[in-house]
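Below you'll find the structure, written out as structure tokens, and then a few comments.
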Amino acid sequence: MESTMAEHVYVADIAQHEGKQVTLKGWLHNRSSKGKLHFLQVRDGTGTIQCVVFKGDVDEATFHEADHLPQETSLEVTGTVKADKRSPIGFELGVQAIRVVAKPVAEFPLGHKEHGVAFLMDNRHLWLRSARQTVIQRVRHTIIKSVRDYFDDRGFTLFDAPILTPAACEGTSTLFEVPYFDMGKAYLTQSGQLYGEAGALALGKVYVFGPTFRAEKSKTRRHLTEFWMVEPEVAYMDLAGDMDLMEDFVENIVGKVLEKHEKELATVLERDLTVLKRVKKPFPRITYDEAIERIKAAGHPINWGDDIGGDEETVLANQFDRPVLVHRYPAEMKAFYFKKDPANPKVALGCDMLAPEGYGEIIGGGQREDDYDTLLAAIDAAGLPRSAFEWYLDLRRYGSVPHAGFGLGIERTVGWICGLHHVRETVPFPRLMERLTP
RNA sequence: UCCUCGGUAGCUCAGUUGGCAGAGCAGCUGACUGUUAAUCAGCGGGUCCGUGGUUCAAGUCCACGCCGAGGAGCCA
């Protein structure tokens with residue numbers, strides 16, 4: 001075999017090299033053969049291109065080996081870039097030389113036929129090489145980048161909250177425990193929000209962005225035990241301002257993903273783009289009261305004060321063609337730190353955003369209680385130990401202001417935008433109730 | 001935590017009334033100048049999840065256990 005000495009290029013940039021000899025460095029995704037032609041599908045992380053090995057173009061040894069390389073052989077292929085209408089990417093490579101970097105020591109477990117979910121999850125580290133999974137991870141990257149850009153461009157400061165925390169932010173039953181030296185137990189955070197509030201009073205506008213842990217024994221397509229959440233918090237913002245921020249933020253994210261991945265979403269993930277293209281301000285805003293009436297009218301038995309369950313959520317979301325904001329939930333259903341509506345103390349100034357098509361709640365947020373006495377009473381009423389919240393109460397003792405924020409779940413957002421059936425595909429290595437490996 | 005379904009070849013699955021363990025794909029050997037889930041010919045491939053029980057005989061029936069999937073509740 002000849003040495004591969006042409007310029008190394010990526011498949012994504014192949015169009016700039018038409019007619020030239022180049023070297024691709026990647027992996028053998030698939031292979032087929034037709035007599036004096038061997039077709040090698042080579043992927044390099046940026047794309048996949050068909051490399052055509054013609055018997056007359058290479059020596060006998062190369063031609064023979066090209067027909068016997070196993071799937072996922074790592075290799076360098078040198079050849080001439082040729083435009084070809086039959087190619088999905090418009091180009092293919094006429095091969096002159098192949099250099100095998102490493103041959104698999106055993107058969108690659110994931111063939112090109114159907115596989116069950118359990119098998120794919122066991123081989124998650126290899127499954128990530130598939131076209132579908134690489135597109136999802138690229139979309140995830142774009143979503144995270146657009147989240148950061150959105151806040152960075154608007155004067156927010158990134159504010160990292162701790163992952164090890166001394167106590168529950170909201171409840172106590174769903175926390176992962178970690179032994180912590182002589183101090184007893186620490187817990188993995190289930191929200192950075194309380195710390196974000198401290199940040200907002202220091203820096204004005206902040207966003208917490210990090211992993212979050214919930215030890216809930218939930219087995220549904222919307223749940224992971226470890227997930228990523230972005231939580232902006234803004235001083236001097238009320239609920240109305242919070243909802244304005246939510247919808248502008250989500251419109252921006254969806255727009256950025258469409259800008260960058262429209263083709264991949266449509267072809268590889270077969271996503272219905274018309275749904276995504278409708279995600280434009282203003283989003284419909286309804287009160288919890290109206291939500292209950294709408295669910296009742298749709299024939300589902302539900303009463304004021306009930307939680308809106310998964311099915312009801314879908315019924316409601318399906319009545320709108322874009323994400324819907326549901327605000328002013330019964331105060332009893334919400335965490336202690338929500339501010340009550342001065343016009344009706346039975347409801348909290350909270351707001352959830354429900355994604356269309358049954359993807360459920362992607363945002364939860366609202367205005368925080370800023371009055372010291374009221375907050376203290378709420379902590380007592382919730383049966384929470386006052387001592388654990390002394391620092392949080394300090395935020396009301398010293399320079400308290402109206403403030404609001406929300407949390408957006410990254411995985412649910414990725415799942416919705418990509419049109420996936422389960423959030424387990426939205427993160428490289430999902431952590432589920434009964435799965436900790438790989 | 002509860003409910004439902006499942007575990008048979010590398011993968012996806014079939015297996016009748018309890019009676020010799022099967023198919024497709026993948027793999028291997030070869031043919032073919034346009035395949036991209038190629039096609040064609042040939043070949044190899046099994047701890048039927050585990051333990052115990054019923055029976056002349058269990059992949060099949062019973063009990064318990066393990067593992068997985070789907071859903072509920074709860075949540076982002």
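As a basis for the values below, the full set of heavy atoms in this structure was taken, side chains included, without hydrogen atoms, waters or symmetry mates. Order of the sequence lines fixes the chain letters, A, B, ..., with proteins taken first and strands second; residue numbering starts at 1 for each chain.
Of the side-chain N and O atoms in A:K34, one or more sit less than 4.0 angstrom from OP1 or OP2 of B:G34. The side chain of A:N30 contributes an N or O atom lying less than 4.0 Å from OP1 or OP2 of B:A38.
For A:K334 and B:A76, the NZ to P distance is 7 Å, given to the nearest whole Å. As a whole-Å value, the separation of A:E313 CD from B:G73 C1' is 13 Å. Here the C1' atom of nucleotide B:A69 and the CZ atom of A:F119 are 16 Å apart, to the nearest Å. For the pair A:D311 CG and B:C75 C1', the computed distance is 15 Å after rounding to whole Å. We find that CE of A:M121 is positioned 11 Å from C1' of B:G68, with the value rounded to whole Å. When the C1' atom of B:C75 is taken as reference, atom CD of A:E226 falls 16 Å away, rounded to whole Å. Nucleotide B:C32 holds its C1' atom 11 Å from the CG atom of A:D67, rounded to whole Å. The CZ-P distance, from A:R86 to B:U36, rounds to 12 Å in whole Å.
The partner of B:U36, taking Watson-Crick or G-U wobble pairs whose two distances both stay under 3.5 Å, does not exist in any strand shown. With a cut-off of 3.5 Å on both pairing distances, the Watson-Crick or G-U wobble partner of B:G27 is B:C43. Applying the Watson-Crick and G-U wobble criteria (two distances, each under 3.5 Å), B:C2 pairs with B:G71. For B:G59, there is no paired base (Watson-Crick or G-U wobble, both distances below 3.5 Å). Under the Watson-Crick and G-U wobble criteria, each requiring two contacts below 3.5 Å, nucleotide B:C64 is paired to B:G50.
Shown here for A:C418 and A:V139, the closest heavy-atom pair between the two residues is SG-CG1, 3.6 Å. For the residue pair A:Y329 and A:M333, the shortest heavy atom distance occurs at CD2-CE, 3.8 Å. Considering all non-hydrogen atoms of both residues, A:Y195 and A:P166 come closest at OH-CD, 3.6 Å. Considering every non-hydrogen atom in both A:A291 and A:L316, the closest pair reads CB-CD2, 3.7 Å. Of all heavy-atom pairs spanning A:E72 and A:R43, the tightest one is OE1-NH2, 2.7 Å.
Taking a 4.0 Å limit (strictly below) on heavy-atom distances, residues 412-425 of chain A reaches RNA chain B at A:R412, A:H422, A:R424.
When the nearest nucleotides of RNA chain B are assigned to A:A118 and A:E312 by heavy-atom distance, the more 5′-ward of the two goes with A:A118. In terms of position on RNA chain B, the residue among A:E92 and A:G116 whose nearest nucleotide sits closer to the 5' end is A:G116.
When the P atom is used for both B:C2 and B:G45, the distance is 45 Å, rounded to whole Å. B:A23 sits 15 Å from B:G15 when the P atoms are compared, rounded to a whole Å. B:G18 and B:A58 are spaced 6 Å apart, taking the C1' atom of each and rounding to whole Å. Across B:C62 and B:G70, the matching P atoms stand 26 Å from one another, rounded to whole Å. Remark: the separation of the C1' atoms in B:C49 and B:G44 is 25 Å, to the nearest Å. The same atom, P, is picked in B:A9 and in B:U60; the two are 15 Å apart, to the nearest Å. The same atom, C1', is picked in B:G65 and in B:A41; the two are 48 Å apart, to the nearest Å. Nucleotides B:G68 and B:U8 are separated by 15 Å at their C1' atoms, to the nearest Å.
With B:U35, B:A76, B:A69 as the choices, the nucleotide that has an atom nearest any side-chain atom of A:R435 turns out to be B:A69. Of the candidate nucleotides B:U33, B:A72, B:C74, B:U33 has the atom nearest to the side chain of A:K36. When distances are taken from the side chain of A:V117 to each of B:G73, B:C74, B:A69, the shortest belongs to B:A69. The side chain of A:F39 sits closest to B:U35 out of B:U35, B:U1, B:C74. Picking from B:G34, B:G73, B:A76 the nucleotide with the shortest atom distance to the side chain of A:L37 gives B:G34. The side chain of A:V52 sits closest to B:G34 out of B:G34, B:A72, B:U35. Across B:G34, B:A72, B:A76, the shortest atom-to-atom separation from the side chain of A:K219 is found for B:A72.
Within 4.0 Å (heavy atoms only), A:L110 reaches no atom of the nucleic acid at all. Nucleic acid contact for A:H38: none, since no nucleic acid atom lies under 4.0 Å from a heavy atom of the residue. Note on A:D352: nothing from the nucleic acid sits closer than 4.0 angstrom, heavy atoms only. Contact annotation for A:T212: no contact, since no heavy-atom pair falls under 4.0 Å across all strands. Note on A:E216: a base of the nucleic acid sits closer than 4.0 angstrom, heavy atoms only.
Here the side chain of A:D242 pairs no donor or acceptor atom with the backbone of A:D238 at under 3.5 angstrom. In this structure a side-chain-to-backbone donor-acceptor pair under 3.5 Å is missing from A:S87 to A:D84.
A:F151 and A:F249 have their aromatic ring centers within a separation under 6.0 angstrom. A centroid separation of 6.0 Å or more is found between the aromatic rings of A:F213 and A:Y187. Annotation: A:Y288 is not in aromatic contact with A:H327 [ring centroid separation under 6.0 Å not met].
Side-chain contact check for A:E226 versus A:T212: every heavy-atom pair is 4.5 Å or farther apart.
For A:S218 and B:C75, a side-chain-to-base donor-acceptor distance below 3.5 Å is absent, hydrogens and geometry of angles not being considered. Judged by distance alone with a 3.5 Å cut-off, no donor-acceptor contact links the side chain of A:H115 to the base of B:C11.
For the pair A:R431 and A:F429, the NZ or CZ position fails the cation-pi test of under 6.0 Å to the six-membered ring centre and within 45 degrees of the ring normal.
The side chain to side chain contact (heavy atoms under 4.5 Å, CB included) test applied to A:K217 returns A:M433, not counting sequence neighbours.
Applying the 5.5 angstrom centroid cut-off and the 30 degree plane-angle cut-off, the aromatic ring of A:F227 is stacked upon the base of B:A76.
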Using a cutoff of under 3.5 Å, can you pull out all pairs of nitrogen or oxygen atoms linking the protein to nucleotides 24-30 of chain B, with atom names and distances?
from	atom 1	to	atom 2	distance (Å)
B:A26	O2'	A:E107	OE2	2.9

